[in-house]
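A, B, ... follow the sequence lines: proteins, then strands. Residue 1 opens every chain.
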Protein chains: 2
Amino acid sequence: MAIASPQEIKRTRRGETSRAAILSAALDLFQERGYEATTMRAIAERAGASLGSSYHYFPSKEHLVLEFYRHTHELHLAAIAPMLAREKDLTSRLRGTVRAVVVTCEPFHAVAGSIFSTVANPSSPLNPFGGAAKPLREEVVALYAEVIKGSDARIPGDIAEMLPLTLWLYQMAILYFWIFDKSPGRLRTLEVIDETAELIVRLLTLANLPVLRGSRKRILGLIRSVVEH
Amino acid sequence: MAIASPQEIKRTRRGETSRAAILSAALDLFQERGYEATTMRAIAERAGASLGSSYHYFPSKEHLVLEFYRHTHELHLAAIAPMLAREKDLTSRLRGTVRAVVVTCEPFHAVAGSIFSTVANPSSPLNPFGGAAKPLREEVVALYAEVIKGSDARIPGDIAEMLPLTLWLYQMAILYFWIFDKSPGRLRTLEVIDETAELIVRLLTLANLPVLRGSRKRILGLIRSVVEH
DNA sequence: GCTTCAACTTGAACATGTTCAAATTAATAG
DNA sequence: CTATTAATTTGAACATGTTCAAGTTGAAGC
């Protein structure tokens, strides 16, 4: 409920071991049973710790999810590094990056629903628009900046400024769609990613048309005004 | 957690009184204290009922929120009826309708955050993409169909087909923005509504341009494929 | 080795959403 | 009016996230 106080816990070796055990148990159990079905008591038990000890390291169950996110983010980065190093075409880079998101998250599909709802809550420390999850969001936004920068596409400056954040939002939308996707192998999500990635790049090109200049300026102004707080 | 069984409770006069008292107490308390701070025990107490009785009429706390939604929807409909009867300009109709949403919801701004997160959860009966909240969503979509139909704008058939649902989604996005809006009188949300309403109608016009034909078809196909399940 | 103190651990206690079996009430049939 | 039955009401019991005061541990300084 309350935002986590940002004070770092100074980690001794003993503490670090406990913390790691608790986190690892939590990640396992979230995958096995889902977020809601995993109780803090079960986490503590599997970690060989006590209930209170878990709360010493993680202020709440939600904060364990935050680590869960960070974990998948690392996996995602590792998965796309070779592609980003090789590929120059923006559509391909975008498609590859977003495809990798859902592929990386696939083992957690069952958990994702309840997590997403937690994340959507503005008063949750996990809400990416503020609170504890903000740094992680910024890492993802930076990743999309890299996706753009490393491509051979020439994006006008005013668009380039807002694009990474917009693509992050796009990724969130894809993830929400993916949560509902019941098709075998989550194929429909992959199709939607392919289609939208192409469409986005196409619209970026069209944005230079004279008729669209006005709308383009307005849209960018809108995004800018929505983002600033 | 479980989806509500759709069996109607046959309401005798006695039952109806109790049900109404519980609902009314819940609506009051949600406004006074917010969703999370309102306990089922407090609702029962204020309603002069017992805890168990509340659960006899409402399968869960979330289902009380659903009624809360329905309540604000009625208020919204009443608020915009005169405007819709008079106004023919699509931009004005759209702006007026969405403005009325946030104005109607203003008394519940403090509650809205936690409610929104509950609603976003795919496994919640309140999730508008399925479950108990679907009928209400369809009412709102129908309202936007009316917003379009009653206007003097001539919308191409393929767009008109998908537009109401898209506008419902747009309304959801505005509401999410509104939740975070801390400006006095929620002025920023109103500004964003004005700007986006104009922009949407402008883009609808532009969609007829030959250069945009391809993208238009693709976007519509995308929406269609995303909506169908 | 002893003291000190912060880090760490513990489990009981609490609040609250939910379930349920039993009790109560009121309407209906005879 | 009485018996029956379904609707309604009740509150105890349960599960689980969270808090907290008290206990334990181990390293650093002497």
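Sequence neighbours left out, not one pair with a member in residues 74-83 of chain B passes salt bridge (charged side-chain N to carboxylate O under 4.0 Å, His left out). Within the structure, salt bridge (charged side-chain N to carboxylate O under 4.0 Å, His left out) pairs that include any residue of residues 168-187 of chain A comprise A:Glu106-A:Arg186 (at least two apart or interchain).
When the P atom of D:dT9 is taken as reference, atom CD of B:Glu45 falls 17 Å away, rounded to whole Å. Spacing between atom CZ of B:Arg19 and atom C1' of D:dA7 amounts to 15 Å, rounded to whole angstrom units.
Residues passing the salt bridge (charged side-chain N to carboxylate O under 4.0 Å, His left out) test with A:Asp28, sequence neighbours excluded: none. In this structure B:Arg41 satisfies the salt bridge (charged side-chain N to carboxylate O under 4.0 Å, His left out) test with no other residue, sequence neighbours excluded. In this view, B:Tyr176 and A:Asn127 satisfy the side-chain hydrogen bond (donor to acceptor under 3.5 Å, both in side chains) rule, not counting sequence neighbours.
Between the side chains of A:His63 and A:Ser60, at least one donor-acceptor pair of N or O atoms lies under 3.5 Å.
Regarding contacts with the backbone of C:dC8, every side-chain N or O of A:Ser18 stays at 4.0 angstrom or more from both OP1 and OP2. Taking side-chain N and O atoms only, A:His56 has no distance below 4.0 Å to OP1 or OP2 of C:dT9. At C:dG17, none of the side-chain N or O atoms of B:Ser60 fall inside 4.0 Å of OP1 or OP2 (strictly under the cut-off). Put simply, A:Tyr55 has no side-chain N or O that comes within less than 4.0 Å of OP1 or OP2 on C:dT10.
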With the criterion being N/O to N/O and under 3.5 Å, what pairs connect the protein with nucleotides 11-16 of chain D, and how long is each?
none

